[in-house]
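Remember, it's 1-based here, ligands and their atoms both numbered in the order they're listed. All figures in this text were calculated on a predicted structure; none of them were measured in a lab.
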Amino acid sequence: MPEADLPESAAAAGKSTSPAFLPYGRQSVTDEDIAAVTAVLRGDWLTTGPAVTQFEADLAEHTGGVPAVAVTSGTAALHVAYAAAGIKPGDEVVTSPMTFVATAATAALHGAKVVFADVEPDTGNLSVDAAAAAVTERTKVVAAVDYAGHPAELDALAKLAHDAGALLLEDAAHSVGGSWQGRAVGSIADLTTFSFFPTKNLTTAEGGAVVTADADLLRRAKGFRNHGLVRDKAVQRHPDEGGWHQEVHEFGLNYRLPDVLCALGSSQLKRLAKFKKRRTEIHARYNTALADVEGVLTPPARDGADPAWHLYPLRVLENRRRALFDHLRGLGIGVQVNYIPVYWHPVFEDLGYRRGLCPNAEAYYEQELSLPLFPSLTDADVDRVVDGVRSFFHA
Ligand SMILES: *Cc1c(COP(=O)(O)O)cnc(C)c1O
């Protein structure tokens with residue numbers, strides 16, 4: 001049933017009369033979405049048909065008209081974007097540690113050396129000064145993250161990347177539908193990536209996209225999505241092989257998002273503005289209700305940012321984050337922590353990265369607690385979360 005309580009709700013399972021478990025994020029799927037998917041299932045194409053082209057065109061309407069390449073996940077989008085940027089062993093990618101591991105892992109999988117630069121203490125976004133200090137002549141990409149849905153300092157980061165002969169990649173897994181200084185997310189960086197995982201701002205179950213205004217980057221992204229197969233006779237090395245012939249010039253993978261899921265994406269995009277509006281309302285309701293609670297900081301927004309809030313990152317002071325996490329989980333409130341600094345993962349520890357590298361990111365992590373935020377959260381749900389926080393602080 002669409003928009004119903006999660007099955008793990010204790011009340012739904014008949015185990016107790018306590019209120020339903022509130023997850024920190026949750027998809028909104030309507031009967032209209034389901035009809036769009038079943039229509040494709042009954043048609044001739046299940047994958048790589050007209051629904052892909054349609055979804056890419058629909059997405060472009062939300063990214064300032066910049067063309068899109070639909071792929072199978074936000075992780076695939078990053079892997080494709082770094083491939084399009086031509087990342088090779090020995091290249092350096094400067095990025096934020098305040099992100100999901102995929103932002104860095106996909107660069108490392110291309111053989112890049114990942115250089116973590118610290119974040120701004122207030123937004124948790126990549127610091128312009130730290131990124132500038134981290135750039136070298138080997139830097140090929142500066143990868144910013146729109147943490148929680150708040151756009152990074154995209155103009156300053158683009159300038160410092162371009163001055164160094166590098167590209168700006170924006171991991172906009174959190175921020176589809178947002179804008180910065182009046183320009184849509186997707187129309188600013190050289191390459192922008194999205195995720196359509198169910199907790200994100202719109203969903204295709206699993207899915208993602210790369211958007212870029214650069215024709216060459218777009219062509220390379222499309223190539224990597226589909227094994228690097230070249231079908232255009234004009235650029236084939238062996239065009240006379242026969243009508244069946246297609247050939248590979250550079251390795252790629254199969255990251256094609258199927259028609260079935262693209263149909264869901266197109267249907268979801270019709271409600272993206274509505275989702276964003278409701279997320280903004282909930283964000284504001286938390287801000288107002290928690291403003292006077294001593295012991296927490298509510299998330300700021302910078303001038304010129306029109307965030308598409310994916311997370312509500314509360315900051316819990318005086319080392320009380322873990323206790324508040326346990327308190328709220330005990331009340332059936334599915335808070336989350338986003339994110340452990342990426343270089344704390346053992347895979348980076350084993351490569352020699354050490355704690356202490358990015359003090360702002362580490363301080364942010366130690367305070368961060370994501371409160372539930374998704375469009376079908378009611379005002380009463382929000383008030384329940386607020387009461388949970390206030391009861392912890394006896395506020
Ligand atoms: C979710 C997310 C990803 C990965 O997206 P998937 O669709 O889950 O593969 C990458 N970066 C950030 C910042 C994310 O939040």
Side-chain angles (χ1 to χ4, degrees), residues 23-27 55 59 68-83 93-110 114 116-117 119 123-126 141-152 154 157 168-178 185-186 189 191-211 221 224-225 253-258 261-262 264-265 268 279 299 307-313 336-345 347-348 361 364-365 368 370 373-374:
Y24 86 98
R26 163 155 183 61
Q27 71 275 18
F55 177 54
L59 184 61
V69 181
V71 294
T72 49
S73 68
T75 304
L78 287 159
H79 203 208
V80 167
Y82 289 125
V93 170
V94 172
T95 193
S96 163
M98 190 44 54
T99 183
F100 184 58
V101 65
T103 318
T106 48
L109 282 168
H110 283 297
V114 180
F116 292 102
V119 299
T123 58
N125 279 334
L126 184 61
V141 167
V142 174
V145 179
D146 296 337
Y147 177 79
H150 186 300
L154 298 168
L157 291 168
L168 177 65
L169 186 161
E170 179 184 358
D171 180 345
H174 297 181
S175 61
V176 63
V185 163
L191 291 151
T192 304
T193 62
F194 297 113
S195 165
F196 309 129
F197 187 72
T199 56
K200 302 289 165 67
N201 293 358
L202 78 102
T203 193
T204 59
E206 298 283 358
V210 182
V211 310
F224 196 78
R225 169 178 68 176
L253 290 164
N254 173 0
Y255 280 151
R256 301 185 305 260
L257 189 65
L261 300 183
C262 286
L264 177 57
Q268 289 259 311
R279 286 175 172 277
W309 291 112
H310 160 59
L311 299 174
Y312 185 89
Q336 193 50 273
V337 171
N338 306 90
Y339 295 94
I340 183 172
V342 168
Y343 57 83
W344 286 23
H345 285 284
V347 66
F348 282 104
Y364 196 101
Y365 162 67
E368 201 275 342
S370 301
L373 178 57
F374 51 93

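- Partners of Ala81 according to the side chain to side chain contact (heavy atoms under 4.5 Å, CB included) rule, which considers only residues two or more places apart in sequence or in another chain, are Leu169, Leu191, Thr193, Val210.
- Across every non-hydrogen atom of Ala77 and Ala209, the tightest pair is CB-O, 3.4 Å.
- Listed by number with element, the atoms of ligand 1 under 4.0 Å from a non-hydrogen atom of Phe100 are 3 (C), 4 (C), 12 (C), 14 (C).
- With a heavy-atom cut-off of 4.0 Å, His174 touches ligand 1 through its side chain alone.
- For the ligand labelled ligand 1, residue Lys200 lies inside the 4.0 Å heavy-atom shell.
- With ring centers used as reference points, Phe224 lies under 6.0 Å from His110.
- The distance from ligand 1 to the heavy atoms of Thr99 drops below 4.0 Å at these ligand atoms: 13 (C).
- Among protein heavy atoms, the minimum distance from atom 9 (O) of ligand 1 is reached at Thr75 OG1, 2.5 Å.
- In Ala173, the part holding a heavy atom less than 4.0 Å from any atom of ligand 1 is the side chain.
- With ligand atoms numbered from 1 in the order given, ligand 1 contributes 7 (O), 9 (O) to contacts under 4.0 Å with heavy atoms of Ser73.
- In this structure, Phe348 and Phe116 have perpendicular ring planes: the angle between them is above 60°, well past the 30° mark.
- Only the side chain of Thr103 comes within 4.0 Å of ligand 1, counting heavy atoms alone; its backbone N, CA, C and O stay farther away.
- Aromatic ring pairs are classed by plane angle as parallel below 30°, tilted from 30° to 60° and perpendicular above 60°; the pair Phe196 and Phe55 is perpendicular.
- Within the 4.5 Å cutoff, the side chain of Leu257 has heavy atoms near those of the Thr204 side chain.
- Under the 4.0 angstrom criterion for non-hydrogen atoms, Tyr339 is in contact with ligand 1.
- Residue nearest to atom 6 (P) of ligand 1, selected from Gly149, Gly207, Ser96, Gly74: Gly74 (by heavy-atom distance).
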Mind listing the side-chain donor-acceptor pairs of residues 142-152 below 3.5 Å, one per line with the distance, residues two or more places apart or on another chain?
from	atom 1	to	atom 2	distance (Å)
Asp146	OD1	Ala152	N	2.9
Asp146	OD2	Ser175	OG	2.7
Tyr147	OH	Asn338	O	2.5
Tyr147	OH	Glu368	OE2	3.2
His150	NE2	Arg302	N	2.9

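- For Asp171, every heavy-atom contact with ligand 1 shorter than 4.0 Å involves the side chain, none the backbone.
- Proximity of Thr199 to Gln27: side-chain heavy atoms (C-beta onward) are nowhere separated by under 4.5 Å.
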